[in-house]
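Remarks on the structure that follows.
The figures here come from the full heavy-atom set of this structure, side chains too, leaving out hydrogens, waters and symmetry mates. Residue numbering restarts at 1 for every chain, and letters A, B, ... go by the order of the sequence lines. Given the structure is predicted, the values throughout are model-derived calculations rather than measurements.
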Amino acid sequence: MLDKLIKIFIELFGLERDEINHDLSYHNYDQWDSLKHLNLVQRLEDVFDIEIEMDDIIAMESFGVIIKILNKYGVEI
Amino acid sequence: MNLTKWLFISSKYLNKEAILTNSETLMYPQIFNYANKISFFIASKFEKGNIIAILSHNSFFFIASYLGVVKSGCIAFLLDPKSSKEELEQYISKSGANCILSENRLLTKLKNTQNNVISETTISLITEEKPIFDFTDKYIGEGDSPAVIMLTSGSSSNKKMVLLSHKNIISNTKSIINYLKLNENDRICVVLPFHYCYGTSLLHSHIHVGGSLFLHNSIFIGTVTKEINEYNCTGFAGVPTTFFILQNKTKFLDNKYIDLRYITQAGGKLASSILKKIKIKIPYVDIYVMYGQTEASARLSYLPPELLLKKIDSIGKGIPGVELKVIDDNNKPVDIGSVGELIAKGENIMLGYLNDEKATKQKLKNGFLHTGDLAKVDRDGFIYIIGRKDDLIKTAGHRVSPYEIESIIITFPGVIACAIVGLEDNLLGESLVAYVVIKSDYDLKEEIFKMCKKKLVSYKQPKHIKIIKSLPINSNMKVDRNILKEKARQEFIRNESGLL
């Protein structure tokens, strides 16, 4: 499952695998803007077949936090 | 009169909030003094008419820099902070900007820039040597002299630099205040970037009436569903994408709004199904559908909210002070129901494009702005945009507007968004390609093909339908048709080459 999540980040942000870590956040990565954030939500919902609540969409500020939020939706990572 | 002076003419001494964010509030005297400080600094270093670029997200720094530069008699060139390093470099060198005022977090984007970069920190360190510089009598830069340069939407390669005068913007702002009935009790919830003319118009109108602006600053636009009430906003302005996201992804329409008086929508056509839905769900909020162009300082027309359902799909009529006409190829007004180009006249029409006389001459003819938009007029004089002159697709001998087909496909069950582009075709001249965003993973392609065959005459039926996760959007939040065209070329021409 972690691989799937990493793949989404690689495709969406054009990052290399080793650039992705728990601290990767929209605060420190310029490419991660509001439109990309929305694409990210869409991809996560599609790939993991979940529907993310608004409060969680807002809280998803980093790769690490996203893993925690996905866990909440029953996605084991 | 100088634009900045006019904007603050009655609001500068108001002891009330001007700009609010989630963390901080600036009162009118504070923002006025901040702008004055920058104005003094700029005026002491640069000549009147010099171009000063501003690179910043929506923030106190943006507002003070913009208003300060304009007040100094220099010309403020508003850059898009989402641009790449290369694009920024290109705009800066093309414009001949003398310096760039940059927000701290964007400085890395200017590393390769040769020009003089002045950071937010440098500005914050200025201590005035004199009491607040007062321009009371000798305003430099006013009336017909240029105040602002804004970039048009469109793909990065053909963005144009629009030169607007102090008078252009003052005239347009007066008109907007008039038809939106804005006053000092109004507070707008801002999600649009200030470098985009629709965003800047919110700033102008609210500062002039002494109202206030709440700057939304979250990674997800959905927070506005709470913020509108939390910050007692009376107005909300968005482009089609804004309302698309809000009604698909949030509880925007299920909320009860306490102070919200009106919503404005411009920047492209919003599907009438969504407009109707908004009207039904929050009937107590006035909805203003509006139309404009950067070349018109922002606004050209609006539809009075009480006519929304009666004249759905219309952009209304010219705003006060603007004359709109729809003309045929011989420059004669078209008959009711016939299609022609929309042209506009008024004090808000730009001076021209910077350093591009040829494009200016094509756009401004006999005092009229040729919008490049195709439109129809109904019996009561209401205008309906049919499409862009450039977007028209010539297929099988017909001229087809992508918008017309999109507006039909979008009504199919399960469809969220759609864009039609033309693709070179040996047989048809151009064939139609539909890019469709759907609600679930379920592949509706065949269904959509079937529906098209039912609802559209043969030459309006797409040859290819492609399901796509989302439509590419340009920096002004409009669908980027050039990207889709290129995508279609790559996907379909290559595939077909073996067959042809």
Taking distance alone, no hydrogens or angles, what donor-acceptor pairs closer than 3.5 Å link side-chain atoms of residues 1-16 of chain A to residues at least two apart or in another chain?
from	atom 1	to	atom 2	distance (Å)
A:D3	OD1	A:R17	NH2	2.7
A:E11	OE1	A:R43	NH2	2.3

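Residues meeting the side-chain contact (heavy atoms from CB on, under 4.5 Å) test with B:E24, sequence neighbours left out: B:T21, B:F60. Annotation: salt bridge (charged side-chain N to carboxylate O under 4.0 Å, His left out) contacts of B:E230 (sequence neighbours excluded): none.
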Steps toward side chain to side chain contact (heavy atoms under 4.5 Å, CB included) verdict (A:E45, B:K249): CA-CA 12 Å; A:E45 291 188 343; B:K249 214 57 238 178; 2.7 Å; yes
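Annotation: side chain of B:K469 is not in contact with side chain of A:N39 (no heavy-atom distance under 4.5 Å).
Both the backbone and the side chain of A:D33 come within contact range of chain B, each with at least one heavy atom under 4.5 Å from a heavy atom of that chain. With a threshold of 4.5 angstrom between heavy atoms, B:T108 does not approach chain A through any atom at all. Heavy-atom distances place no part of B:I221 under 4.5 Å from chain A, backbone and side chain included.
Within 6.0 Å of the NZ atom in B:K226, the count of heavy atoms belonging to other residues, nucleotides or ligands does not exceed 12.
When all heavy atoms of A:L38 and B:F220 are compared, the pair lying nearest together is CD1-CE1, 3.3 Å.
Atom NZ of A:K36 and atom CD1 of B:I219 lie 11.0 Å apart (nearest 0.5 Å). The distance from atom CD1 of B:I245 to atom OG of A:S34, rounded to the nearest 0.5 Å, is 7.5 Å.
Residues of residues 48-62 of chain A placed with any heavy atom under 4.5 Å of a heavy atom in chain B are listed by number as A:M54, A:D55, A:I57, A:I58.
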